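Down below is the structure, laid out as C-alpha cells.
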Amino acid sequence: MNATDTIVNAALLGTAAKEFVPNDGELPAFLQEAFARLRSETAGADPEEVLYRMGALVFACQRAGTEPEAADESLSAIEPAAEEEEGTTYFSRDFGQMLEHLCANKHYGLLEYAYRRAMEWGGKRLIPPAYLPDLFRKAYADEYTMYQNFQRMLWTLAGRRGVWLRKQMGYDAENEGEEEEMWKTASLKVRKHMLYRLRKTQPDKALALLQSDWKEQTVEHREHLVTCLGTGLSVADEPFLQMVAEKDRSDSVRKAAQKLLLSLPDSQLIRESADMLRGKLRYQEKTGWEYEPLEYTPQLKTLGLQYHATVLRNASILQQLAEHQLPILHCELIERMPLDFWAELLDRSPEEAAELLVRKPPFDLFNNTDFFEQNKEFEKAPNLMGRNRFSIENNQVSVTIHTDEDYAFIGIATSEYTRESYEVKTHFSPIKAIFRFNDARWARYIIQANLKKKLTSQLIQFMTPEELEEFDCRDIHMGILLSDLADDQPWGPKLSTRIVEQLIKQKKDFNTDKIDTMAPRIHRSIIPLLNRTLANKQTSKQIAESCQKLKEGLELRDEIDRLVALP
Amino acid sequence: MDEAAQARRQTQRHKNVMQGIDDLQVWLKDLLRNGLLQVPERADKLFEGMARRMVDAQAPGLAGRLRALGEMDFTGESWKALLTERLGKLWLLTEAYRHLERRSEAWQCEIRTLIGYPQTKEEVLAGEAVADRWMVLHKRVRRVDQLKVESYWLYGERSGRMAVYLEFLAPKKIPEMSLVPGDFYDGELCFYSGVGSLRALFRSHQRVGEGGFVPAACSGLEEAAARYRAAVGENPFIDEVPTVVDGLRLAEDGTRSWVVDAEGKRFPVRIREEIRIPLLVTTGGKPFRGFLLADEEGWELLSIWNQPNDEFYCWRDERD
C-alpha cells in the first residue's frame, strides 16, 4: 500500500471511526517523521486537522515525485499507417468538405456520384484523411447503404490510411489473413459487411468464414448470414446451401437457403423441379398448353413449394384440387424454371422460347373464366366486389376461386369456422425467374420483342440508355421506376423530361429520396422546365419546393464535377 | 477619502472571509469525522450550501473549489484519492489565509487570489509586460450557469513562457478578443501577481499574418514530468501545468489511452472521445508534438503538431 492509500483509507473511514495514526511502515520514514512533528506542533489539534494537513503533505509529495512509467511489453504504440503508393495525392479540402456536406445532409445519391467521379482518377487521388471518419461511420451505420456499391468505392478512395483507420475505428480490416481473427469477435452487422465485401472478390473465403462457426450461431444470425451468400452466388455454394436447406433446425433458415438454391439455374433443386414438370407439360402449336395433373407425393414437400403449404398439409384437399385439374402446383413449379428449360421443352432457341412465353404463356387458366364456366364441377357464385367467383362444394371442403386481374385467390374452408386462403398468379410471368436468376439475356429478348408494355416496363434495369430514352414510362409508378433505373447510368433528355413532367403531374412533392435518386442522373435540359414550374403561380408550394431542391441538387452535381475534373 | 473607504472595505472583507473560513473549517472537520465514503450519494447537494456561504463571505475562490468538488465524477474508484487530495488542499488554503502575514508578498497575493480577492484589470495592466510573439495553443469554452468562460493557452516564442488568457462572457456579450487557436499575435502580456501565475492580460496585440513558429518542446515525457514537478513544487495549489512535448505516439490498452515518447516512457492521457479518431486520422499513428495539460487528474492531450511538416491541429473544446 502506498502512502496516499493510507491517507485515503483513513479519510473514507472517518476520524470518528478511527483517529489517523499511521502504523509502522505505512508511511515512508520521512513522512513518518513529518507526522510526528506535526503531532507535536499541533498538540491539542483535532484529529481532522491533523489528517487534512497530513493528507495535503502526502499528496504534495506524490505530485513532487511524478515520473512517467517505463516501457512495458504489454503496451505498445499504435502502429502507423502504411505510406500511400508513390504518386498518389489527395483531393482538395473543398472536395472533402463537399463529401462531408453530402453525408451530413443525407444526399446519398450524390455521395455515390461523387465517389464514382472520384474513381475516374484510377486510385491516384484519395479523399483527404480528415474527412474519412464521418464517411466511414455512415458506411457502417446504415443497414441499407452498407451493401451499396459505393461503399467499395469509398474503401478504394480512402487508400492505405483508410484501411488502417477502419481498423482503429473498430471496423473490419482489408488485410489478408486478418479476416479470421476479426470474424471471431465481430458483431452481426460487421460480419454481414465482411461477407458482402468478400463475396465480391473471394467468395470461397467468405463461405469458409461462414461455415467456420455456423453451428454456434443463433437462428437470427444464421438467417441473416446465409442471405449474404446471395452476393456472388455460384454452384460452389450449393453443397452448403443444400445441407442447410435440408437439415437446419429452423424453418426460416431452411427457407432462406432454399430461396438461394432456387437462384442457381443448375442446382439440384431446380433440376428436380424440372424433372417433376417434364412430361406434365406440353405445348402444341394449334391447341396451346396441355398438362397432366401432378400427384401429391412427399417429394413435393422437399422441393419447398411455399405457396401451398396449407394444401400440402392436407393430402385430401390436394387430391380434390387435382381431380378438378386446378394447376396449383404447376404454377409454382414453372415459375422456377430457367430459360434453357423452356428452350428445351419448346424445342426452340432461347430467344424464340422467350418470345413464345410472352405471346402464349402457360397457365393463363385462372385468367380465362371459360374454364370454370364450362366445367360442371364449378358453380358460379355471386360476384363479390366485381370479381368472378366459382365454388366447389363437397361434404368436407369448399373451394372458392376469385379471379382478379393478376391473381386468383383460393379460399379453403376446412371447417364451418375455419378458412385459409392464398393467392395464385392468374398467368405466367417470366419476371420472377428473370430477376431470381439475374438473367439479362432473357430480359433483353423480351425487351427487344417488345410485345407487352406491362411486361417490358418491369425490365427497365436491363434496358440500354437508348432504349430508356425512347421508352414511354408515363404509366409506371414513379417510385418503382426510379428504383429500377440503373444506378450509374445518366438519363437522356427525353427520359428526364418525362420523369419530371410525370412527377409534377402527380401533384405530390418529390420526396427527398426521389430527389436524391434523380439529381446525379437527370439531364440538365430539364432546368428550363423546373424554372417554368417555379415561375408558374399555380404551382403548389410543395411542388415548387421540390423543383427548387432538384435544382439545388443539380448545382451540387455541377460542383462535384468541378472538384473532381480530370486534367 | 477613497483610500480610507477602500481600507475599510478591505478590513471588512477580511473579517467576512475569516468568518467564512471558520464556518468552512468546522464543516470540513464534520465531513472528515463522518468519513468520505458516503459523499457520492450526497454530492449534488452537499457542497452547494457551503459554496453559497463562501460567496456570502466574499470568498468566491473557495466557493469555486467547493462547487468543483460537487461536480467531480464519482463513478469508478479514482474519486476517493482526488477528493481526499482536494479537501486537503482546501484546508491548507484556509490555514494559509489565516496566517497570511507569515507569507512573502508574492504568496500573500497568490493566496488572496485563490481565496477570491480580485486583481483589477488596471492593476494587472499596470504591471510589467512581456513583449513577445504569442501562439494560441488551445481554446476551451466552459459554460457555468449563464456565463461562458473562454480559456486560451498561449506560448511566447522568445520568452518561452506559457500564459492563460480568460474571457468571461455574459449572454449576448461580445468577447473583447477573438483569439484563434493556431494563430500568432505580436503583443504584450501582463501577468497576474502571484506565485507561478500563468494568467495574463493583453496590453496590446496584433495578429500576425506570416512568420509563425513551432513552440520549443520537451524532448520527452521525463522532461515534461520534471517541469510538472517544478511547477507544483513552486506552488502546490496550481491547477494546471501546460507543456509541449515532442516525439509522442498514441497507445491504447483497451481501457485507456497513453502517450508514449521516443524513449518508450509513457503517461496515461485523457483524450476526449470526439477527438480520438480525428487525432488518429491526422497523425496516421506517426509521432507528433503535443500540447498537454497536466492537472490533478492526470495529463490531457489538447492540440498537436503533425510531423514532419509541423502542421498544427486543434479541435473544438466545449464543456458544461
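Bear in mind that the values here come from a model prediction, so they are computed numbers and not experimental data.
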Quiz item: What's the verdict on side chain to side chain contact (heavy atoms under 4.5 Å, CB included) for B:Glu252 and A:Ile78, showing C-alpha distance, side-chain angles and the deciding distance?
Solution: CA-CA 7 Å; B:Glu252 290 173 342; A:Ile78 294 171; 4.1 Å; yes

Quiz item: Are A:Phe136 and B:Ile277 close enough, and set up right, to give a side chain to side chain contact (heavy atoms under 4.5 Å, CB included), and what steps lead you there?
Solution: CA-CA 11 Å; A:Phe136 284 173; B:Ile277 292 300; over 6 Å; no

Quiz item: Checking side chain to side chain contact (heavy atoms under 4.5 Å, CB included) for the pair A:Ile7/B:Thr84: CA distance, chi angles, key distance, verdict?
Solution: CA-CA 8 Å; A:Ile7 297 292; B:Thr84 308; 3.8 Å; yes

Practice problem: Assess whether side chain to side chain contact (heavy atoms under 4.5 Å, CB included) is satisfied between B:Leu280 and A:Trp164, documenting all intermediate values. | Solution: CA-CA 10 Å; B:Leu280 284 171; A:Trp164 173 85; 4.0 Å; yes

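For chain B, the nearby parts of A:Arg63 are the backbone and the side chain; heavy atoms of each come within less than 4.5 Å. Using a 4.5 Å cut-off between heavy atoms, B:Leu92 touches chain A through its side chain atoms alone. Heavy-atom distances place no part of B:Gln25 under 4.5 Å from chain A, backbone and side chain included. Looking at A:Leu132, neither its backbone nor its side chain comes within 4.5 Å of chain B, counting heavy atoms on both sides. Using a 4.5 Å cut-off between heavy atoms, B:Arg86 does not touch chain A at all. Both the backbone and the side chain of A:Ala11 have a heavy atom closer than 4.5 Å to some heavy atom of chain B. Both the backbone and the side chain of A:Thr66 come within contact range of chain B, with heavy atoms under 4.5 Å apart.
Annotation: maximal heavy-atom pairing with chain B below 4.5 Å, among A:Leu12, A:Val8, A:Thr15, occurs at A:Leu12. Taking A:Leu165, A:Thr4, A:Leu75 one by one and counting their heavy-atom pairs under 4.5 Å with chain B, the maximum is reached by A:Leu75. When the candidates B:Leu83, B:Leu250, B:Asp30, B:Asp253 are compared by the number of heavy-atom contacts under 4.5 Å with chain A, B:Leu250 comes out ahead. Note: B:Leu32 leads B:Leu32, B:Val281, B:Leu87 in heavy-atom pairs under 4.5 Å with chain A. With chain B as the partner, the residue from A:Ala81, A:Ala10, A:Ala77, A:Ala17 showing the most heavy-atom pairs under 4.5 Å is A:Ala77. Between chain B and the options A:Ala56, A:Pro68, A:Gly14, the largest number of non-hydrogen pairs under 4.5 Å is found for A:Pro68.
At most 12 non-hydrogen atoms from other residues, nucleotides or ligands lie less than 6.0 angstrom from CZ of B:Arg316. By the neighbour-count criterion of 12 heavy atoms within 6.0 Å, atom CG of A:Asp24 is sparsely surrounded, having that number or fewer from other residues, nucleotides or ligands. The local environment of CD in B:Glu263 is sparse, with at most 12 non-hydrogen atoms from other residues, nucleotides or ligands closer than 6.0 Å.
Scanning all heavy atoms of the two residues, the minimum distance from B:Val232 to A:Ala64 falls at CG2-N, 4.5 Å.
Applying the salt bridge (charged side-chain N to carboxylate O under 4.0 Å, His left out) criterion to B:Arg266, with sequence neighbours excluded, gives A:Glu69, A:Asp72.
Checked for salt-bridge contact, B:Arg229 and A:Glu67 meet the test: a charged N lies under 4.0 Å from a carboxylate O.
Scanning residues 45-52 of chain A against chain B with a 4.5 Å non-hydrogen threshold yields A:Asp46, A:Glu48, A:Glu49, A:Leu51, A:Tyr52, sorted by number. Within residues 72-80 of chain B, the residues that have a heavy atom under 4.5 Å from a heavy atom of chain A are B:Trp79, B:Lys80, listed by number. Chain B is approached within less than 4.5 Å, heavy atom to heavy atom, by A:Glu83, A:Arg93 from residues 82-93 of chain A, ordered by number.
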